[in-house]
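In what follows, a structure is listed as structure tokens, so that the remarks can point back to it.
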Protein chains: 2
Amino acid sequence: MARVGLTPDRLTEAGAELADEVGFDQVTVSALARRFDVKVASLYSHVKNSQDLRTRIALLALAEMADRAAEALAGRAGKDALAALANVYRDYAREHPGRYAAAQLRLDPQTAAASAGVRHARMTRALLRGYDLTEPDQTHAVRLLGSVFHGYVSLELGGGFSHSAPDTEETWARILDALDTLLRNWPAAPTDPRG
Amino acid sequence: MARVGLTPDRLTEAGAELADEVGFDQVTVSALARRFDVKVASLYSHVKNSQDLRTRIALLALAEMADRAAEALAGRAGKDALAALANVYRDYAREHPGRYAAAQLRLDPQTAAASAGVRHARMTRALLRGYDLTEPDQTHAVRLLGSVFHGYVSLELGGGFSHSAPDTEETWARILDALDTLLRNWPAAPTDPRG
DNA sequence: CCACTTGCCTAAAAGCTTTAGGAAGATGCA
DNA sequence: TGCATCTTCCTAAAGCTTTTAGGCAAGTGG
């Protein structure tokens, strides 16, 4: 009785909040039921199982980040755009660590293809149009940017850079500088080992 | 009866193998007990709890990677050393995905300080002595390398680069090239926004 | 050979996941 | 309004994991 009004979307949203509060791997069907003050089994009418719930949270996070990225990129080009996109990821991870962790969830190919992940790839490619890269190199650059953004954000979030002296703000700025320089002078052909 | 000869080290090693086979997050005290054909409670004499087990696996992975890195760096400098170190991480992650995942486990500061993590940091710094970087920049470069290595490896491992056209081998080579170039011409001061 | 330590065991409580089937609230149609 | 139906949430129950407490037997040392 006293229907609470559960829906897959409400559960996903609440699951995302829970993830940000206690960590993505602590998101459990039980915890979510507790949060709605409802019996555990009730959730299984709205969500297939635990994995399904986690996948939905991942998709939500990817979509939210893509929305932010699209807004940040609008009207920007070159280094401005680079910094804007990079900051979207970093800021999102800081504001929503659980959601960010969710976005790293390995999705099966079909789900991934239907996710906002493809928007991310497209936006990174769009950003690179501000630099002079032809096709094979553009893909390499997309992958480099993805690696740096994800690697930096996850190391920073995991405390990998704590305690050390120059603050991470400074490092972040310098890395964006470096990436911009690199993209503007992308080393052409595979260089000879004895360069 | 029939003592199996459990020790913390044997459990850790077996846990690492299990992680590589079924994924780090599937490493459970129960599964490990099954593997030794022993009752679950028996493991609790050797390992404090589930978290303790996971931490031990993480420390093992960090140490193994550090050993490989030390060997790979011996006698190398410059781009050779850069590629050698980078490949240690990439190869380790491919050979031991579960252990690599374990190495990302967030450790509490004390444990982290006593781990092989500090050797990794030292080796990256040593590698950078082959390039001309003075102190604040050196730290920035350490963080950049850490980000790229970790980011690339984890995206590649997670299938983030699958399906696309230029193969990842090629991209990896180009990224190492790019990093080498970047480190040799590290952009000096914070550049002006309108560079 | 006896005392002691250690290693693995049984037992049990507590939490999470998932399925099956029931009952009350909402909805739709006459 | 009245009744059938569907939906939402519930109880019950089985299975798995974690963790603690206490017991017996296998090695170890004197």
Side-chain angles (χ1 to χ4, degrees), chain A residues 1-60 98-99 101-102 104-108 111, chain B residues 1-60 98-99 101-102 104-108 111:
Chain A
M1 339 82 177
R3 305 206 165 178
V4 186
L6 303 180
T7 66
D9 283 354
R10 283 196 65 195
L11 290 178
T12 305
E13 181 61 42
E17 284 166 23
L18 187 61
D20 288 335
E21 289 166 21
V22 305
F24 182 58
D25 39 309
Q26 304 299 315
V27 171
T28 165
V29 182
S30 297
L32 204 51
R34 237 173 275 131
R35 175 166 283 231
F36 280 96
D37 201 30
V38 141
K39 297 295 166 165
V40 191
S42 306
L43 301 203
Y44 282 82
S45 318
H46 306 279
V47 146
K48 256 216 315 285
N49 52 35
S50 197
Q51 182 56 37
D52 180 36
L53 172 64
R54 275 189 270 269
T55 300
R56 284 168 189 270
I57 297 173
L59 295 176
L60 172 68
R99 284 153 143 104
Q104 304 326 131
L105 187 69
R106 220 228 186 288
L107 302 174
D108 63 286
T111 312
Chain B
M1 338 78 180
R3 305 207 167 181
V4 186
L6 303 179
T7 65
D9 283 354
R10 283 196 65 196
L11 290 179
T12 305
E13 180 61 40
E17 285 166 22
L18 187 60
D20 288 335
E21 291 166 20
V22 304
F24 182 58
D25 39 309
Q26 303 300 314
V27 171
T28 164
V29 182
S30 298
L32 205 50
R34 239 173 274 131
R35 174 166 282 229
F36 280 97
D37 202 29
V38 140
K39 296 298 166 161
V40 191
S42 306
L43 300 203
Y44 282 82
S45 317
H46 307 280
V47 146
K48 258 217 312 287
N49 53 34
S50 195
Q51 183 55 37
D52 180 36
L53 172 64
R54 275 189 269 271
T55 300
R56 285 169 190 268
I57 297 173
L59 295 176
L60 172 68
R99 284 155 145 103
Q104 304 329 129
L105 188 68
R106 220 226 185 290
L107 302 173
D108 62 288
T111 312

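Note on naming: letters A, B, ... go to the chains in the order of the sequence lines (proteins, then strands), and numbering restarts at 1 for each one.
- A:E13 contributes atom CD, which lies 9.5 Å from atom CD1 of A:I57 (distance to the nearest 0.5 angstrom).
- Atom pair B:K48:NZ and D:dT20:P shows a separation of 10 Å (rounding to whole Å applied).
- Between B:S42 and C:dC9 there is a side-chain N or O to OP1 or OP2 distance below 4.0 Å.
- The shortest distance between the side-chain N/O atoms of A:T28 and the OP1/OP2 oxygens of C:dC16 is not below 4.0 Å.
- Here CG of A:D52 is found 11.5 Å from CG of A:L43. Values are rounded to the nearest 0.5 Å.
- Each of A:A31 and A:A41 was assigned the nucleotide of DNA chain C with the nearest heavy atom; the assignment lying further toward the 5' end belongs to A:A31.
- When rounded to the nearest whole Å, the span between CG of A:L43 and P of D:dT7 equals 18 Å.
- When distances run from any side-chain atom of A:S50 to the nucleotides D:dC9, C:dT18, D:dT19, the shortest one goes to C:dT18.
- Between B:E17 and B:R35 a salt bridge is recorded (basic side-chain N to carboxylate O distance below 4.0 Å).
- Rounded to a whole Å, the NZ atom of A:K39 is 16 Å from the C1' atom of C:dT18.
- Rounded to whole angstrom, the span from the CZ atom of B:R3 across to the C1' atom of C:dC8 amounts to 7 Å.
- Note on A:S30: a side-chain N or O is less than 4.0 Å away from OP1 or OP2 of C:dT17.
- At D:dT7, none of the side-chain N or O atoms of A:H46 fall inside 4.0 Å of OP1 or OP2 (strictly under the cut-off).
- Distance, B:F36 CZ to C:dG7 P: 14 Å, rounded to whole Å.
- Atom CG in A:L32 sits roughly 13 Å away from atom P in D:dC9 (whole-Å rounding).
- Counting only N and O atoms by type, the side chains of A:D108 and A:T111 include a donor and acceptor under 3.5 Å apart.
- With D:dT18, D:dC10, D:dC16 as the candidates, the nucleotide lying closest to the side chain of B:R34 is D:dC16.
- In this structure, the CG atom of A:L53 is 13 Å from the C1' atom of C:dC16, given to the nearest Å.
- A donor-acceptor pair under 3.5 Å is formed between the side chain of B:R54 and the backbone N or O of B:V27.
- Taking atom OH on A:Y44 and atom P on D:dC10, their separation rounds to 15 Å, with Å as the unit.
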